[in-house]
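FYI, side chains are in, hydrogens and waters are out, and symmetry mates aren't considered; it's all heavy atoms of this structure. Note on naming: letters A, B, ... go to the chains in the order of the sequence lines (proteins, then strands), and numbering restarts at 1 for each one.
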Amino acid sequence: MKEFQKDLIDWYIKNHRPLEFRLKKEPYEIWISEIMAQQTRIEAMLPYFKRWMQLLPNIESVAKCDDEKLNKLWQGLGYYSRCKNIKKCAIECVEKHNGKLPCTKEELLKLPGIGPYTAGAIASIAYGQRVSAVDGNVIRVFSRLYDIYEDVTKTSVKKQIEMLVDESLPSKEEISYYNQALMELGALICIPKSPRCDICPIKKYCEASDPASLPYKPKKSARKIEYKHVYVWIHQNKVHVVKRADTGLLAGLYGFDETKPEHIIESIELKPYIHIFSHVEWHMDATLCIVDREDSNYKTIEEIEEYIALPSAFMPFMKQVEEYLWKK
DNA sequence: AAGGCGGGGGG
DNA sequence: CCCCCAGCCTT
């Protein structure tokens, strides 16, 4: 058992970034911010969080909100199943928990989209429960603190670290600060590439022989490459969009066609674009097709901006089409 | 246990 | 170019 907690918390109180979504400690806000922060940098999710809270100030409003509007609010943030799970979770809270989030880690874990980290974060930060919240930062900090060089992507090693964190938890009064302090240390000092050990507040407790080489993770397998040809159909000032399948990549969002339309008046080649996802690359060529008839899937630029959730993979083509329509 | 699932920033 | 990020779910 180490005794770094006090030094860490003191450092945190003086040096942490003010994260506005954690000031009120409103469970609803903690929940939404934690979901948005999964695999996502804080700076990236902040504007999304603000917009979300303005439009959806409480759990009931999320439970009632239609999926298209939620997807639009999530557009560009990625991992869209998070958004779908938020809605499912909100409905479950309204139906089973009196419109509120449960307050124990155990109960939170049963809800859709809430795993061990998020359950621990909500329980400890919003409700002051004495439980751990182990995210990637905490894994990194502890793997260095205890010089653990095993593969942290393995369940057994993650469990081992979680046990160490559980043993390290301070009193209930300090739990919220402590969990946040571990993460903030990971985000500001104990960073992945070149850890700033020279200014680390708990350096004297750290056993890492070569901190920069920890935590150990095996190399990821190479991404698959998929070649696509995108056809952007337009008619007068409208663009044809299609809703994607409700499973798989970018499920339920909108995209462009991958087939040629009939009744083409003119075709214009667009600039190709490669979009990189975590596990696949789309190498896309694209053609703008001016069509001489219309159906209900043709939308104006304004309609698309207002309520069509178009993922980033298609944005470069959307921009080119806007430019074309604007010049016309 | 392994792989699917986004997107963007930084070395 | 690679890695990483306040992870979770499905298979």
Side-chain angles (χ1 to χ4, degrees), chain A residues 12 16-17 19 21-22 30-49 71 74-86 88-89 108-122 124-126 132-141 151-159 162 165 176 178-188 190-195 212-213 215-224 226 244-253 255 274-282 309-316:
Chain A
Y12 174 74
H16 75 88
R17 298 165 295 176
L19 301 182
F21 50 84
R22 291 213 173 126
I30 301 290
W31 166 45
I32 299 298
S33 64
E34 291 300 344
I35 301 293
M36 286 184 171
Q38 289 168 6
Q39 296 298 103
T40 307
R41 285 168 211 286
I42 297 296
E43 311 85 70
M45 52 73 66
L46 266 181
Y48 286 85
F49 178 77
N71 279 345
W74 210 266
Q75 172 186 302
L77 196 55
Y79 286 146
Y80 297 91
S81 69
R82 292 184 288 176
C83 187
K84 194 184 299 181
N85 282 330
I86 283 179
K88 282 168 69 179
C89 184
L108 287 161
L109 262 175
K110 297 177 187 168
L111 294 167
I114 299 185
Y117 164 71
T118 307
I122 297 171
S124 64
I125 298 171
S132 62
V134 180
D135 74 331
N137 287 304
V138 181
I139 296 277
R140 184 169 58 255
V141 169
D151 178 357
V152 297
T153 65
K154 290 201 178 302
T155 314
S156 60
V157 179
K158 232 178 267 179
K159 273 199 167 146
E162 262 184 51
V165 179
S176 172
Y178 178 65
N179 282 342
Q180 294 182 73
L182 282 175
M183 295 189 273
E184 196 71 346
L185 188 76
L188 300 182
C190 198
I191 51 181
K193 294 281 173 64
S194 314
S213 69
Y216 169 70
K217 297 177 190 179
K219 289 203 198 309
K220 289 172 190 159
S221 50
R223 281 187 296 266
K224 285 174 193 159
E226 290 178 16
R244 297 174 56 78
D246 58 6
T247 58
L249 197 53
L250 306 174
L253 280 77
I274 298 174
H275 190 81
I276 301 184
F277 300 93
S278 32
H279 60 300
V280 66
E281 294 179 18
W282 283 0
L310 203 60
S312 302
F314 300 114
M315 280 307 174

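Spacing between atom NZ of A/Lys158 and atom C1' of B/dA2 amounts to 11 Å, rounded to whole angstrom units. Between the P atom of C/dC2 and the CD1 atom of A/Ile274 lies a distance of 13 Å, rounded to the nearest Å. Rounded to whole Å, atom C1' of C/dC2 lies 9 Å from atom CZ of A/Arg223. Atom-to-atom, CD1 of A/Ile276 to P of B/dG9 comes out at 14 Å; the value is rounded to the nearest Å. In this entry the distance linking CG of A/Leu77 with P of B/dC5 reads 17 Å, nearest Å. Between A/His275 atom NE2 and B/dG6 atom C1' the separation is 6 Å, expressed in whole Å. For A/Leu249 and B/dG4, the CG to P distance is 11 Å, given to the nearest whole Å. Computed from coordinates, the A/Lys154 NZ to B/dA1 C1' distance equals 8 Å when rounded to whole Å.
Screening A/Val138, A/Val141, A/Asn137 for a side-chain contact (heavy atoms from CB on, under 4.5 Å) with A/Cys190, the sole residue that qualifies is A/Val141.
Looking only at side-chain heavy atoms (C-beta outward), A/Phe21 and A/Ile32 stay at 4.5 Å or farther from each other. A 4.5 Å side-chain heavy-atom check between A/Ile86 and A/Trp31 finds at least one atom pair inside the cut-off. Between A/Leu253 and A/Gln75, every side-chain heavy-atom pair lies at or beyond the 4.5 Å cut-off.
Side-chain N/O atoms of A/His279 include one lying less than 4.0 angstrom from OP1 or OP2 on B/dC5. For the OP1/OP2 pair of B/dA1 and a distance below 4.0 Å, the side-chain nitrogens and oxygens of A/Thr155 include at least one atom meeting the criterion.
Under the 3.5 Å distance criterion, with hydrogens and angles disregarded, a donor-acceptor pair is assigned to the side chains of A/Gln38 and A/Thr118. Side chain to side chain, A/Asn85 and A/Arg82 fail the donor-acceptor criterion of an N or O pair below 3.5 Å.
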>> In dot-bracket form, 5' to 3', how is DNA chain B paired? Count Watson-Crick and G-U wobble pairs only if both distances fall under 3.5 Å, and write | where the partner sits on another strand.
In response: |||||.|||||
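Contact check on A/Glu34 versus A/Arg22 returns a salt bridge, with a Lys/Arg side-chain nitrogen under 4.0 Å from an Asp/Glu carboxylate oxygen.
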> In the 5'-to-3' direction, what one-character label does each nucleotide of nucleotides 5-11 of chain C receive under the scheme B = base within less than 4.0 Å of a protein heavy atom, S = sugar-phosphate only, - = no such atom?
Replying inline: BBBSS--
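Between A/Ser156 and A/Val280, the residue anchored closer to the 5' end of DNA chain B is A/Ser156, taking for each the nucleotide with the nearest heavy atom. Checking A/Thr153 against A/Gly76, the closest nucleotide of DNA chain B that is more toward the 5' end is the one next to A/Thr153.
Look at the P atom in both B/dG8 and C/dC9: the space between them is 24 Å, to the nearest Å. As rounded to the nearest Å, B/dG3 and C/dA6 have C1' atoms that lie 22 Å from one another.
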> When you look at A/His275 and A/Met315, which way does the side-chain contact (heavy atoms from CB on, under 4.5 Å) test go after all the steps?
Replying inline: CA-CA 10 Å; A/His275 190 81; A/Met315 280 307 174; over 6 Å; no
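For A/Phe277 and A/Trp282, the distance between ring centers is under 6.0 angstrom.
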